[in-house]
Amino acid sequence: MKLNDWGEVRFVSYEPDHTGENPLEDVTFYLLRGEEILYQFPYIGTEDTSDYGMYYDVKFVMFTDTNADGKEDVVIGAEYMTGAGPQGAVPHVVVRIYEDYGDHFTYNEGFSDKINDYLPWESNVLAKDVKRLIQLTGGNGPLTDYESYSGKWRVSVGYVAAYEETAPVSRNELICQITNGNEFSGSLFTEQGMTQRIASVDEITGTIQNGELFYDFTDDGWGGTGTLHIMFLPNQINVDVLNHQMAEENASGYGISGMYEMKIRE
């Protein structure tokens, strides 16, 4: 592959020998041209370790511009096991971001930690979801150009789940798919705290324009009608319900009457 000013190179990873003197030795990454080592990426922990536990595997490697300087940086998702606690034997992904500075790469610890704070412990993390997190956390204005995406956002203050799962784990969620850059489809599920009744708007479809989408619904599962206003912001997605009319028999209120913020936790 051709990587910025490095030219035609190969990106190679070397697994550690856990039978040696350092059982926590980390994976090593190189840029090669033929058999010549052009560059060895720095370790991210102390004494050739990661400080995240025992290395398990490389989940993904992708090349994308993380700091808007026109150069592709290196984003690695490596898996580790801590060996401690109930999840000690569960591999979890740790993202590391190396930025290209021409003749060397610098590990951006702060940005890497920020991305890692958003990820679940389990390794159901995909490269495209990390790429979207990088876009969300690094942008300064509304997102208007989306790559294809399939997943969900949990509708709760302080959190966005930007990774894929097969089914919702709570009833306050926006499950969605974005294709061709701006074509949106999905479903919104909300639960009223006191009654625990579920309201939902299914088969939401539309085109994202200028960072927002309006969708009229005629039944939220309880006879309610209204308009969903979905706003796509650089670090959150808001769902507001406009002109909400409840069925007469449900006048006490429930479900989607209100605003639900889907924010990346800070």
Side-chain angles (χ1 to χ4, degrees), residues 60 62-73 75 77 95 97 111 114-115 118-120 124-168 170 172-190 199-220 225-244 256 258-266:
F60 61 81
M62 66 176 171
F63 304 90
T64 186
D65 188 356
T66 64
N67 54 7
D69 65 352
K71 295 181 180 180
E72 288 192 329
D73 304 306
V75 181
V95 169
I97 299 171
F111 198 11
K114 188 175 183 180
I115 296 298
Y118 305 147
L119 301 180
N124 57 337
V125 177
L126 303 180
K128 66 177 182 179
D129 301 321
V130 172
K131 186 174 182 178
R132 175 155 182 79
L133 277 173
I134 291 172
Q135 291 176 327
L136 286 168
T137 57
N140 295 316
L143 297 177
T144 57
D145 184 18
Y146 299 87
E147 63 183 84
S148 295
Y149 175 78
S150 178
K152 68 173 186 177
W153 287 275
R154 291 180 186 161
V155 186
S156 58
V157 175
Y159 188 79
V160 62
Y163 56 93
E164 289 187 349
E165 287 187 5
T166 56
S170 75
N172 291 312
E173 294 174 325
L174 175 70
I175 301 175
C176 70
Q177 181 174 354
I178 300 171
T179 56
N180 300 323
N182 61 358
E183 296 302 320
F184 180 93
S185 61
S187 299
L188 175 69
F189 300 88
T190 63
S200 65
V201 179
D202 300 313
E203 298 182 357
I204 304 167
T205 59
T207 301
I208 301 169
Q209 296 181 341
N210 297 321
E212 59 184 355
L213 171 69
F214 292 88
Y215 179 78
D216 295 326
F217 63 91
T218 57
D219 187 2
D220 58 9
T225 64
T227 300
L228 294 181
H229 179 204
I230 306 176
M231 293 155 281
F232 300 83
L233 305 176
N235 63 347
Q236 71 182 49
I237 297 174
N238 286 349
V239 180
D240 196 4
V241 183
L242 308 176
N243 306 317
H244 188 230
I256 62 175
M259 176 179 286
Y260 299 85
E261 288 189 341
M262 288 159 280
K263 298 178 66 176
I264 293 176
R265 63 173 180 258
E266 298 176 352

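Computed from heavy atoms alone, side chains included, the values below leave out hydrogens, waters and symmetry copies.
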Trainee: Does any non-hydrogen side-chain atom of Thr207 lie less than 4.5 Å from one of Leu213?
Mentor: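 No, too far: nothing below the 4.5 Å cut-off.
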Trainee: Within this structure, what is the CZ-CG distance for the pair Phe214 and Leu242, rounded to the nearest 0.5 Å?
Mentor: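 Output value for this atom pair is 6.5 Å.
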Trainee: How would you list, by chain and number, every residue that makes a side chain to side chain donor-acceptor pair (under 3.5 Å) with Thr218, sequence neighbours excluded?
Mentor: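 None.
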Trainee: Can you list the residues that meet the side-chain contact (heavy atoms from CB on, under 4.5 Å) rule with Asp216, with sequence neighbours excluded?
Mentor: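 Once residues adjacent in sequence are excluded, the partners of Asp216 under the side-chain contact (heavy atoms from CB on, under 4.5 Å) criterion are Thr227.
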Trainee: Any chance the side chains of Glu72 and Thr64 put a donor and an acceptor closer than 3.5 Å?
Mentor: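 Thr64 and Glu72 do not have a side-chain donor-acceptor pair below 3.5 Å.
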Trainee: Within this structure, what is the CG-NZ distance for the pair Asp65 and Lys131, rounded to the nearest 0.5 Å?
Mentor: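 It is 10.0 Å, given to the nearest 0.5 Å.
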Trainee: Mind running side chain to side chain contact (heavy atoms under 4.5 Å, CB included) on Asn67 and Phe111 for me, showing each step along the way?
Mentor: CA-CA 10 Å; Asn67 54 7; Phe111 198 11; over 6 Å; no
Trainee: Which atom names give the shortest non-hydrogen contact between Tyr215 and Ile204, and what distance separates them?
Mentor: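 Where Tyr215 meets Ile204 most closely, the heavy atoms are CG-CG2, 3.7 Å.
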Trainee: Could you give the distance from CD1 (Ile97) to CE (Met62), rounded to the nearest 0.5 Å?
Mentor: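 Ile97 atom CD1 to Met62 atom CE measures 7.5 Å (nearest 0.5 Å).
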Trainee: Residues in side-chain contact (heavy atoms from CB on, under 4.5 Å) with Asp202, at least two apart?
Mentor: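 Listed in chain order: Ser187, Phe189, Ser200.
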Trainee: Going through the checks in order, is the side chain to side chain contact (heavy atoms under 4.5 Å, CB included) test met by Leu188 and Phe217?
Mentor: CA-CA 11 Å; Leu188 175 69; Phe217 63 91; over 6 Å; no
